[in-house]
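Quick notes on the structure that follows.
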There are 2 protein chains.
Amino acid sequence: MLRLSKLTDYAVVVLIRLSDAERASGDAVHTAPGLAVATGVPEPTVAKVLKALAGAGLVVSQRGARGGYRLARPVDEVSVADVITAIDGPIALTACVDGGTGSCDVESMCAVKGRWDLVNDAIHAALTGISLTDMRVASIPLVFRVPASLSAAE
Amino acid sequence: MLRLSKLTDYAVVVLIRLSDAERASGDAVHTAPGLAVATGVPEPTVAKVLKALAGAGLVVSQRGARGGYRLARPVDEVSVADVITAIDGPIALTACVDGGTGSCDVESMCAVKGRWDLVNDAIHAALTGISLTDMRVASIPLVFRVPASLSAAE
DNA sequence: TCCTATCAGGACCCCAATAGTCCTGTTTGA
DNA sequence: TCAAACAGGACTATTGGGGTCCTGATAGGA
């Protein structure tokens with residue numbers, strides 16, 4: 001279904017939560033267990049997400065006691081495309097787009113060879129244009145957010 | 001990786017091939033095995049793809065001896081979004097967007113609840129704007145993409 | 001009218017990628 | 001020196017997709 005991995009979803013949640021926590025507490029560093037509790041996502045999973053985000057440079061890690069994670073840059077400067085790339089790797093809808101030419105065994109008679117990049121570029125542009133700030137539902141308090149009624153769209 | 005299923009890729013190939021075949025032969029009905037040979041995609045897989053396309057109304061099936069499939073409407077009126085919807089179901093990046101509200105167990109504290117639809121709409125718009133005609137590589141000679149000997153086998 | 005070849009439709013199974021967990025090592029502050 | 005917290009890896013279970021097979025239906029021919 002053109003699925004996005006759940007890890008990416010979690011990553012967005014964690015990043016926004018991290019942003020809110022920094023503003024609320026003034027404390028720049030927050031731990032993985034703390035974020036896990038705040039978001040409701042299992043702690044090992046949060047740790048895994050944060051590791052990936054740290055590797056991509058979206059967050060900065062501080063090791064040792066009193067360590068934790070902090071945002072590398074404001075959330076409004078982070079696009080959805082950045083998060084997806086950090087968690088899932090480069091955005092590529094089909095193996096044809098990113099992979100080598102040898103990966104597709106029907107390549108020689110593939111009528112659309114080289115054209116998925118058109119679709120790919122369109123999606124990439126769409127995702128780059130949306131920042132994490134856009135993803136945040138600003139009017140509602142973070143914790144215990146009201147579910148249901150919001151999902152009716154489309 | 002924001003992966004598109006291979007079936008969708010095959011579907012685009014098959015649809016374009018079907019369009020070419022109809023114009024070339026004048027015969028409106030083409031069989032699944034014939035299209036499989038023409039595209040290089042395994043026959044059962046082509047059959048599966050065609051079934052899904054028929055269910056979505058993109059192609060029309062003709063059962064019985066001398067049966068087969070034909071396009072329900074010209075390929076330039078079919079968007080990539082149509083094909084993806086036919087094969088993979090409704091375009092929904094996350095379970096939050098399409099599914100029921102009960103599917104997400106951290107729903108109550110999900111900071112981005114109801115906002116993936118924004119991303120979803122952007123992608124849907126991008127995909128709707130691309131037709132199968134756009135996906136076709138016009139510059140490559142037909143004979144190279146569709147070997148004459150294979151085409152005659154239908 | 002019946003038989004048979006042919007093709008669509010549906011069911012099924014296997015594999016691979018992903019999600020999630022756990023363990024050990026390293027680092028740093030108290 | 002101890003404890004807290006991240007880093008990195010391996011490991012396992014599960015979901016979904018890819019592919020195959022079988023059954024039912026249809027049309028043409030005898």
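The side chain of B:Ala54 lies closest to C:dG9 when the candidates are D:dA7, C:dG9, C:dT21. Nearest nucleotide to the A:Arg63 side chain, out of D:dC6, D:dT20, C:dA19: D:dC6.
Closest of all the heavy-atom pairs between B:Val119 and A:Ile130 is CA-CD1, 3.6 Å. When all heavy atoms of A:Val60 and A:Ala72 are compared, the pair lying nearest together is CG2-CB, 3.9 Å. Closest heavy-atom contact between A:Val29 and A:Arg66: CG1-O, 4.2 Å.
At least one side-chain nitrogen or oxygen of B:Thr45 sits closer than 4.0 Å to the OP1 or OP2 atom of D:dG19. Proximity of A:Ser5 to the phosphate of C:dA19: a side-chain N or O atom is located under 4.0 Å from OP1 or OP2. At the phosphate of C:dG20, OP1 or OP2 sits under 4.0 Å from a side-chain N or O atom of A:Tyr10. Distances shorter than 4.0 Å separate some side-chain N or O of B:Gln62 from OP1 or OP2 on D:dA27. An OP1 or OP2 oxygen of C:dT6 is reached within less than 4.0 angstrom by no side-chain nitrogen or oxygen of B:Thr31. Taking 4.0 angstrom as the limit, B:Ser61 places a side-chain polar atom (N or O) nearer than this to OP1 or OP2 of C:dG9.
B:Ala47 comes within 4.0 angstrom of nothing in the nucleic acid, heavy atoms only. Across all strands shown, B:Pro33 has no heavy atoms under 4.0 Å from either base or sugar-phosphate atoms. Using a 4.0 Å heavy-atom cutoff across all strands shown, A:Leu7 reaches sugar-phosphate atoms only and no base atom. The residue A:Lys51 sits close to a base: some heavy atom pair falls under 4.0 Å. Using a 4.0 Å heavy-atom cutoff across all strands shown, B:Lys48 reaches at least one base atom of the nucleic acid.
Rounded to whole Å, the distance from NZ on A:Lys6 to P on D:dT15 is 10 Å. One atom, CD of B:Glu43, and another, P of D:dT20, lie 9 Å apart when rounded to the nearest Å. With rounding to whole Å, B:His30 atom NE2 is found 13 Å from C:dC7 atom P. If you measure from atom CG of B:Leu18 to atom P of C:dA8, you get 11 Å, rounded to the nearest angstrom. Summarising the geometry, the separation between OH on A:Tyr69 and P on C:dT28 is reported as 14 Å, rounded to the nearest angstrom. Rounded to an integer number of Å, the gap from B:Leu4 CG to D:dG16 C1' is 15 Å. To the nearest angstrom, C1' of C:dG20 lies 15 Å from CG of A:Asp9. For the pair B:Ile87 CD1 and D:dG16 C1', the computed distance is 15 Å after rounding to whole Å.
Proximity of a side-chain donor or acceptor of A:Thr85 to a complementary backbone N or O of A:Ala81 within less than 3.5 Å is detected.
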Derivation of the side-chain contact (heavy atoms from CB on, under 4.5 Å) call for A:Val59 and A:Arg70: CA-CA 6 Å; A:Val59 299; A:Arg70 57 186 168 83; over 6 Å; no
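Applying the side-chain contact (heavy atoms from CB on, under 4.5 Å) test to B:Glu77 and every residue at least two apart in sequence or in another chain returns B:Arg73, B:Pro74.
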